[in-house]
Asks: 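Next up is a structure, given as structure tokens.
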Amino acid sequence: MEKKRIVFDLLIFEDEGELSQNDRKLLSAAEAARKNAYAPYSRFKVGAAALLENGEMVIGNNQENASYPSGLCAERVAVFQAGARFPGIAIVSVAISAASEEHVTDVPAAPCGNCRQAIMEYEHKQQSPISILLKAEKGPIFKCNAMADILPLAFNSSFLGDS
Ligand code: THU
């Protein structure tokens, strides 16, 4: 029986000082965006910032709704905005800053499955990796080199016969 082992690199940085200048800037944009999140129901605020190949930066934050499923996560607000404002321009990286107003942790929250799938769509379309930076309110920064690393065996348009 053939066996395949899937591994990925999770880079862990103790603080912002260890990041590249671009990553530091992107993370601080995500942190600023988190402060403007509209999360009155969960009190869990998330900010995201996407850096595009043309140097533009696009931000998003979670937008909740009294009809809970009508809200949207920060990551999708950011990457959909990138797609709407800069169609055809590749996304290079996405930084995500998440923190609960009730429960303090220094473990970075990873994007939900729907957001991984949404970001994966762009990675597949542009045929280049999107790196992901994660940070809680305090503590280390986690970095993945590609969305495919944290969404292995992803579903994409090739299964629909479009590629
Ligand atoms: N949330 C995000 O914005 N991104 C994620 O990847 C996980 C969850 C938001 C959705 C909701 O507004 C709140 O966090 C609690 O789930």
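Atoms within a ligand are numbered from 1 in the order they appear, just like the ligands themselves.
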Asks: Do we see a donor-acceptor contact under 3.5 Å between the side chains of Asn61 and Gln63?
Replies: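 Yes, a side-chain donor-acceptor pair sits under 3.5 Å.
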Asks: Under 4.0 Å from a heavy atom of Asn62: give me the atoms of ligand 1 that qualify, with their elements.
Replies: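 Ligand 1 atoms under the 4.0 Å threshold to Asn62: 3 (O), 9 (C), 11 (C), 12 (O), 13 (C), 14 (O).
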Asks: What atoms of ligand 1 come within less than 4.0 Å of a heavy atom belonging to Pro111?
Replies: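 Taking each heavy atom of Pro111 in turn, ligand 1 has 6 (O) under 4.0 Å.
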Asks: How close does the nearest protein non-hydrogen atom get to atom 12 (O) of ligand 1, and which residue and atom is it?
Replies: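 Its nearest protein heavy-atom neighbour is Glu64 OE2, 2.5 Å.
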Asks: Looking only at protein heavy atoms, identify the closest one to atom 3 (O) of ligand 1 and say how far it is in Å.
Replies: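 Looking at atom 3 (O) of ligand 1, the protein heavy atom closest to it is Ala74 N, 2.9 Å.
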Asks: Check for me, please, whether Ile150 and Ile12 land in the same ILVMFWY cluster - side-chain distances under 4.5 Å, paths through other members count.
Replies: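 Yes, same cluster.
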Asks: Quick one: does any side-chain atom of Glu64 pair with a main-chain N or O of Ser42 as donor and acceptor, under 3.5 Å?
Replies: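 Checked: pair present.
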Asks: Below 4.0 angstrom from a heavy atom of Ser42, which ligand 1 atoms are there? Numbered from 1 as shown, please.
Replies: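 Counting from 1, the qualifying ligand atoms are 13 (C), 15 (C).
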Asks: Starting from atom 14 (O) of ligand 1, find the nearest protein heavy-atom neighbour and note its residue, name and distance.
Replies: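 Of every protein heavy atom, Phe44 CD2, 3.3 Å lies nearest to atom 14 (O) of ligand 1.
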Asks: What atoms of ligand 1 come closer than 4.0 angstrom to any heavy atom of Glu75?
Replies: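 Once the distances to Glu75 are compared, the set is 2 (C), 3 (O), 4 (N), 5 (C), 6 (O).
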Asks: Who's closest to atom 8 (C) of ligand 1 heavy-atom-wise, of Gly71, Gly60, Cys73?
Replies: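 Shortest heavy-atom distance from atom 8 (C) of ligand 1: Cys73.
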Asks: Strictly by modelled atom types, are Ser20 and Asn22 linked by a side-chain donor-acceptor pair under 3.5 Å?
Replies: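 No.
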Asks: Is the backbone N or O of Leu52 less than 3.5 Å from a side-chain atom of Glu56, with the two atoms forming a donor-acceptor pair by type?
Replies: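 No.
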Asks: Closer than 4.0 Å and a protein heavy atom, does any atom meet both conditions relative to atom 16 (O) of ligand 1?
Replies: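 No, because not a single protein heavy atom sits under 4.0 Å from atom 16 (O) of ligand 1.
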Asks: Any chain of hydrophobic side-chain contacts (each under 4.5 Å) joining Leu133 to Phe142?
Replies: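 Different hydrophobic clusters.
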Asks: Looking only at atom types and distance, does a side-chain atom of Arg24 sit under 3.5 Å from a main-chain N or O of Leu19, one as donor and one as acceptor?
Replies: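 At least one qualifying donor-acceptor pair exists.
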